[in-house]
Amino acid sequence: MGVGKRAENGNVISHEVLVTLSDRWPMSRTVANQQRVQLELVEDRPRKPSSVERVKSRRPSRPHLLIVPLVALLVSFYLVPAAYTLAGSFQEISFFDFAGLGEWVGLSNYRTILSEGLGRVLTNTAVWLTATTVAIRICAGLGLALLLESAVLRRYHLTGVARLLVLVPWMVPPVVAVATWRWLLDPSFGVLTSLLRGVGAVEAGEAVLADPSTAWAVIIAIVVWRELPLTTLMVLAGLQSVSNDLYEAASVDGASALNRFRYVTLPHVMPVIAVVALVTSMWTFNNFSYVWLTTRGGPGGTTAVLGTYLYTKAFIEFDIGAASAIAVFGMSLLILVFAAYYPIWRRSSRVRAQGDTPLL
Amino acid sequence: MKTSGLVKCGILLAVPAALALPFIWTVLSSFLPREELLRGGSPLQLGKLTTQNYALVLGTGFPRSIANSFAVTLPGALISILITFPAAYAFSRFTFRFKGLVLAGVLFTQLFPFVVLITPVFLALSKLGLVNTRPGLIATYAAITSPLAVFLFIRYIDTVPRELDEAARVDGATMLQTLRRVIVPISLPAIASVGIYVFATTWIDYIFAFALLTRPESRTVQVELANFIGEAGAEWQYVLPAAVLAAIPTIFVFSIFQRGIVQNISGGAVKG
């Protein structure tokens with residue numbers, strides 16, 4: 001502590017604090033001008049017990065009041081809906097008599113969705129929507145992160161430019177991303193369609209979205225394109241947390257760039273990547289927008305994922321009970337996955353030395 | 001030596017440029033006159049570019065959807081901040097019973113998949129008569145952005161020195177006064193930053209706006225744009241400028257606050 005003032009209760013208030021306060025709080029100026037306050041040079045003297053305790057006993061604070069609105073909001077929008085969904089999954093509820101509860105039908109809803117094709121929906125969701133896009137995003141993200149860290153770019157001060165370009169897909173809303181790619185792949189006018197036809201990958205006159213396998217390729221492309229920047233930034237944070245000393249030590253020991261990557265970078269970055277993969281997977285698993293906006297789950301339900309299946313059941317078929325069962329399914333799977341990966345998350349907490357990421 | 005460095009840069013920059021290309025292509029295409037679009041003409045013919053498509057789009061109901069979007073995202077951001085900032089102050093400065101539990105609960109809500117919420121929230125708002133009303137969607141937006149906003153604010157307020165609080169106490173301030181007169185003014189950059197994140201999150205939302213505001217005249221911009229695209233084929237001279245317009249707020253916000261956002265995501269690993 002540098003120069004400060006000793007207030008009458010013995011507490012030292014540093015000079016910077018007083019300057020800040022006096023700008024914003026007229027009362028401090030009064031305090032400062034009082035004769036009882038003496039200007040003293042204080043150097044790391046142990047402080048007397050804070051005045052906060054004494055003030056507190058005179059004027060009790062009620063921090064609870066400050067969090068009540070937040071808790072009320074979250075309880076209404078998360079807890080209550082979750083409870084309702086759980087209860088609703090065991091009932092038969094139509095859209096119009098949700099006033100109370102529907103009739104209890106036990107596991108009938110679950111039986112319905114399981115026999116109706118939940119299997120295919122889950123495969124779509126887990127393999128095509130989630131696993132594939134996450135894998136591509138992690139690999140490409142790692143590559144891009146390494147690119148953004150490259151010394152060459154830094155020497156010419158082009159890192160900012162590169163990062164801005166990488167961020168472009170993230171700056172665009174998902175709906176706009178879908179619009180972009182549907183334009184590029186428009187059967188009649190799209191530039192990518194022409195290119196693909198030229199290369200022979202696509203037949204003339206064929207709509208890419210009409211065929212399930214090519215439709216998935218498109219959905220995957222859109223998801224990866226739009227979500228890659230976020231993954232890149234997260235991996236980049238992991239890369240930057242590796243201390244330079246380790247790289248120097250490796251260089252001194254004669255390690256090539258490739259070996260430095262294998263033995264210094266990768267081990268440190270793996271836990272971060274595991275967490276990024278987990279969080280990204282959990283988020284992607286339940287995504288609705290991308291598939292819905294591209295194919296609506298078609299053609300004929302072949303690209304349906306958990307999110308679109310739920311929406312269809314609830315808002316198109318008006319079967320709230322079945323929709324709730326699907327929702328419970330989605331939640332339970334996520335909890336299971338989370339529980340399985342929790343140890344990895346704990347381990348990576350120790351590796352993430354500098355700062356914590358709010359998203360993880 | 002210098003040229004080989006520049007060449008390397010060029011090659012390296014090609015990758016991010018390729019990533020940005022799809023959207024840049026779309027933006028350029030939005031300026032192509034209709035005849036060119038129908039011919040599949042290239043938007044690189046800069047001489048042919050025109051703003052006629054934008055004039056077209058602005059003549060439809062699209063501008064109203066833009067206004068609708070602002071009408072839900074701005075109040076939503078305001079309410080979110082009003083609710084989360086004081087709460088974050090309480091979490092940062094005080095200990096109280098159930099604090100750990102509540103904090104864990106907030107963390108858990110951050111992981112909640114939105115699709116799970118959509119049906120019960122719709123039903124509940126229906127019962128309250130709030131479906132197809134702006135307040136219903138605004139409240140929903142406040143709820144889904146609050147968890148992360150709280151954590152960001154807690155992280156920031158933790159860095160504000162407690163001496164400020166104590167000095168205010170010395171001067172006889174109550175908790176609310178301390179919050180209002182001391183902490184808030186100091187935290188304006190953080191508030192702006194979180195406000196931007198909340199705004200961006202709600203601006204790009206599709207599922208809630210789609211489910212909760214169904215009447216054509218109340219649609220938000222993303223829903224309206226999705227409507228333009230439709231099932232098969234689209235009137236690209238409408239869709240392209242609409243898509244660009246729908247993206248402008250987030251592009252604007254991200255370009256200007258790029259550094260801060262990157263720092264937030266990296267969790268401070270990018271120092272300074």
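To find a chain, count down the sequence lines: A is the first, B the second, and so on, and within it residues start at 1. All values below were derived from every heavy atom in this structure, side-chain atoms included, with hydrogens, water molecules and symmetry-related copies excluded.
Most heavy-atom pairs under 4.5 Å with chain A: of the set B:Ala226, B:Pro22, B:Ala243, this distinction falls to B:Pro22. For the set B:Ile144, B:Leu176, B:Val239, the entry with the most heavy-atom pairs within less than 4.5 Å of chain A is B:Ile144. Comparing B:Thr84, B:Thr140, B:Val102 by heavy-atom pairs within less than 4.5 Å of chain A, the highest count is held by B:Thr140. Contact tally against chain A (heavy-atom pairs below 4.5 Å) for B:Cys9, B:Ala247, B:Pro86: the top residue is B:Cys9. Options B:Trp25, B:Trp203, B:Phe98 differ in how many heavy-atom pairs under 4.5 Å they form with chain A, and the most are formed by B:Trp25. With chain A as the partner, the residue from B:Tyr89, B:Phe112, B:Phe85 showing the most heavy-atom pairs under 4.5 Å is B:Phe112.
Side-chain atoms of A:Val172 and B:Thr26, non-hydrogen and from C-beta on, never get closer than 4.5 Å to each other. Annotation: side chain of A:Ile320 is in contact with side chain of B:Thr119 (closest heavy-atom distance under 4.5 Å). In this structure, the side chains of A:Val176 and B:Ile204 stay at 4.5 Å or more apart for every pair of heavy atoms. Residues A:Tyr84 and B:Leu123 have side chains in contact (heavy-atom distance under 4.5 Å, counting atoms from C-beta outward). The closest side-chain heavy-atom distance from B:Pro147 to A:Leu74 is below 4.5 Å.
Contact of B:Ala88 with chain A is not made at all, since no heavy-atom distance falls under 4.5 Å. Only the side chain of A:Tyr311 comes within less than 4.5 Å of a heavy atom of chain B; its backbone N, CA, C and O stay farther away. Contact annotation for B:Ala139: both backbone and side-chain heavy atoms come within less than 4.5 Å of a heavy atom of chain A. Neither the backbone nor the side chain of B:Leu21 comes within contact range of chain A; no heavy atoms are under 4.5 Å apart. Both the backbone and the side chain of A:Val175 come within contact range of chain B, with heavy atoms under 4.5 Å apart. Only the side chain of A:Trp181 has a heavy atom closer than 4.5 Å to any heavy atom of chain B. For B:Ile248, no part sits under 4.5 Å from any heavy atom of chain A, backbone or side chain. For a residue to count as touching a neighbouring chain, one of its non-hydrogen atoms must lie under 4.5 Å from one of that chain's; by this rule A:Leu310 touches chain B with the side chain only. Contact of B:Phe96 with chain A is made through the side chain alone, with heavy-atom distances under 4.5 Å. For B:Leu82, no part lies near chain A; criterion is any non-hydrogen pair under 4.5 Å. Proximity to chain B is limited to the side chain of A:Ser150, based on heavy atoms less than 4.5 angstrom apart. Only the side chain of B:Phe108 comes within contact range of chain A, with at least one heavy atom under 4.5 Å from a heavy atom of that chain. Interface residue A:Val191: only side-chain heavy atoms are found under 4.5 Å from chain B. Only the side chain of A:Leu228 comes within contact range of chain B, judged by heavy atoms closer than 4.5 Å. Proximity to chain B (any heavy atom under 4.5 Å) is shown, for A:Thr180, by both the backbone and the side chain. Interface remark: B:Val15 contributes side-chain atoms only to the contact with chain A (heavy atom separation under 4.5 Å). Contacts between A:Val71 and chain B at a heavy-atom distance below 4.5 Å involve the side chain alone, from C-beta outward. If you measure heavy-atom distances from B:Val223 to chain A, you find no contacts under 4.5 Å at all. Using a 4.5 Å cut-off between heavy atoms, A:Leu70 contacts chain B through both its backbone and its side chain.
Panel note: side chain B:Thr250, backbone A:Met171; a donor-acceptor pair is recorded below 3.5 Å.
What you find for A:Pro81 and B:Leu117 is that their closest heavy atoms are CB-CD2, 4.2 Å. Shortest non-hydrogen contact noted between A:Gly307 and B:Val115 is CA-CG1, 3.8 Å.
Here CG of A:Leu158 is found 5.5 Å from CG of B:Leu13. Values are rounded to the nearest 0.5 Å. How far OG1 of B:Thr109 is from CZ of A:Phe77: 12.5 Å, rounded to the nearest 0.5 Å. The CH2 atom of B:Trp236 sits 9.5 Å away from atom CZ of A:Phe189, with the distance rounded to the nearest 0.5 Å. To the nearest 0.5 angstrom, B:Leu37 atom CG is 12.0 Å from A:Ser188 atom OG. Expressed to the nearest 0.5 Å, how far CG of A:Leu65 lies from CE of B:Met175 amounts to 6.0 Å. Between the CH2 atom in A:Trp183 and the CZ atom in B:Phe23 there is a gap of 14.0 Å [rounded to 0.5 Å].
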From CA spacing to verdict: side-chain contact (heavy atoms from CB on, under 4.5 Å), B:Ile118, A:Phe315: CA-CA 10 Å; B:Ile118 185 65; A:Phe315 291 90; 4.1 Å; yes
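Within a 6.0 Å radius of NZ in B:Lys8, other residues, nucleotides and ligands contribute 12 heavy atoms or fewer.
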